[in-house]
2 protein chains.
Amino acid sequence: MQDECTVNQTVKYLGRKWTLLIILELYKGDGYTRRFTEVKERLPGITAKVLSARLKELEEEGLVEKKIEAGSVPIRSEYTLTGSGLEMVEVIKGIKQWALRWKVENIACGAQDCRSCVL
Amino acid sequence: MQDECTVNQTVKYLGRKWTLLIILELYKGDGYTRRFTEVKERLPGITAKVLSARLKELEEEGLVEKKIEAGSVPIRSEYTLTGSGLEMVEVIKGIKQWALRWKVENIACGAQDCRSCVL
DNA sequence: CAGAATCCCCTCAGATACTG
DNA sequence: CAGTATCTGAGGGGATTCTG
C-alpha cells in the first residue's frame, strides 16, 4: 500500500548509519547550522566520505540546506536544517526517548557527558 | 560510549528493510498478534527468510514475543507486540506523519513539501 | 577546509530449494 | 505451516590517498 511504501522509502536513507546523528548535530548548532568539519569533529569515527555522502542525501531529500560562502579561501560551507529537518528532530527525540526507556543498558551514558538527557 | 550510540544502535536493526512494516502489521492484528504466514501475506514481496530474520531480531530486542502453540500440527506460531513494541508504534506513527507531510506528493495542491495538507 | 577518488571487505536481502 | 540452507549480486561503509 501507499503509506507502507512511504515508511520504507523514508527509512531507506534515514536508517543509514550516522544519518540521524548528523541531523542531531546540525540541530545543536547555532541556527541549526554547522560546518563540515564541525560535524566531523563532533562525530568521532565518521569519515569525510561518509559524512559527505549523508549530507548530500539529506540535501536531496530536503532536510538540509547547503550554503557555500562565496570567495572564501579556504572554502567554508554550511549546512542548515530545513523545516522538514527540524520536524525530523522531533521524531529522533521520540526514538531516543524510547531507547532510554527500554534499553536500560545505556547506563554508560550517565557516566559520561550525555546529551540525550538534555534533549 | 554515549547517547549517540543509543540512536545508532537502535537504528541499526530498526532501519533495516521491512522491520517497521512488520511491527505495523503486528499492531494491526487482534491483540497486536499475528501469525507468520499472516504477516507474510500482508507484506507482498517479503521472503520467508527475511521475515524470519527480522522477527528473530525483534524478539531478541524485546519488541516482539513469540509463542508456539504446543501440540499443533501443522505448527502454529504467534508473534505479539510487547510493551516496548507498542511504544515503538508511536514512533513509527511519527515517521509516517512526517513522511505524509513532507514527502508524499499531495494531489490537492500538486506540491511536494506541502505543510497545509495534513492527513 | 571540504571534499572526491579508489580500493576492498562485509552485510543485507532476493531467489531458490528443502524440511519437520 | 513455519521455517532453514545455500548461493549470489548489490551496495554500504571503513581506510587511505589526493586536491582545488
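Everything numeric in this text was worked out from a predicted model, so none of it was measured. So that the names make sense, note that chain A is the first sequence line, chain B the second, and so on, each numbered from 1.
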Aromatic ring pairing B:Phe36/B:Tyr79, orientation class (parallel under 30°, perpendicular over 60°, tilted between): tilted
Under 4.0 angstrom between [X] side-chain N/O and [N] OP1 or OP2:
X: A:Ser77; N: C:dC1; answer: no
X: B:Arg76; N: D:dA2; answer: no
X: B:Lys17; N: C:dG14; answer: yes
X: A:Trp18; N: D:dG14; answer: yes
X: A:Arg16; N: D:dG11; answer: no
X: A:Arg54; N: D:dG12; answer: no

Determine whether a donor-acceptor pair (N or O, by modelled atom type, separation under 3.5 Å) exists between the side chain of [X] and the backbone of [Y].
X: B:Thr80; Y: B:Gly31; answer: no
X: A:Lys28; Y: A:Thr33; answer: no
X: A:Lys93; Y: A:Met88; answer: no
X: A:Gln97; Y: A:Gly94; answer: no
X: A:Thr10; Y: A:Thr6; answer: yes

Across the strands shown, which category fits B:Tyr79 at heavy-atom distances under 4.0 angstrom: base, sugar-phosphate, nothing? sugar-phosphate
Looking at every strand, decide which applies to A:Lys12 at a 4.0 Å heavy-atom threshold: base, sugar-phosphate, or nothing. nothing
Without decimals, in angstroms, what is the distance between [X] [atom1] and [N] [atom2]?
X: B:Leu51; N: D:dG3; atom1: CG; atom2: C1'; value: 10 Å
X: A:Lys40; N: C:dG3; atom1: NZ; atom2: P; value: 12 Å
X: A:Ile68; N: C:dA2; atom1: CD1; atom2: P; value: 10 Å
X: B:Glu78; N: D:dG3; atom1: CD; atom2: P; value: 12 Å
X: B:Glu41; N: D:dG3; atom1: CD; atom2: C1'; value: 15 Å
X: A:Glu57; N: D:dG11; atom1: CD; atom2: P; value: 13 Å
X: A:Ile22; N: D:dG12; atom1: CD1; atom2: C1'; value: 14 Å
X: B:Ile46; N: C:dT16; atom1: CD1; atom2: P; value: 17 Å

Tabulate protein N/O versus nucleotide N/O from nucleotides 15-20 of chain D, keeping only pairs under 3.5 Å, one per line.
none

Taking the side chain of [X] as its heavy atoms from C-beta onward, which of [options] lies nearest to it?
X: A:Ser52; options: D:dG13, D:dG3, C:dA4; answer: C:dA4
X: B:Val50; options: C:dA2, D:dG3, C:dG14; answer: C:dG14
X: B:Ala48; options: C:dA13, C:dA2, D:dT4; answer: D:dT4
X: A:Lys56; options: C:dA13, C:dA4, D:dG3; answer: C:dA4
X: A:Lys66; options: C:dA4, C:dG3, C:dA13; answer: C:dG3

Extract all donor-acceptor atom pairs below 3.5 Å that involve side chains of residues 49-56 of chain B and protein atoms in other chains or at least two apart in sequence.
| from | atom 1 | to | atom 2 | distance (Å) |
| --- | --- | --- | --- | --- |
| B:Arg54 | NE | B:Glu57 | OE1 | 3.1 |
| B:Arg54 | NE | B:Glu57 | OE2 | 3.4 |
| B:Arg54 | NH2 | B:Glu57 | OE2 | 3.1 |

Hey, mind stepping through B:Arg101 and A:Glu87 against salt bridge (charged side-chain N to carboxylate O under 4.0 Å, His left out) and telling me if it holds? CA-CA 10 Å; B:Arg101 177 177 293 208; A:Glu87 283 195 17; 3.3 Å; yes
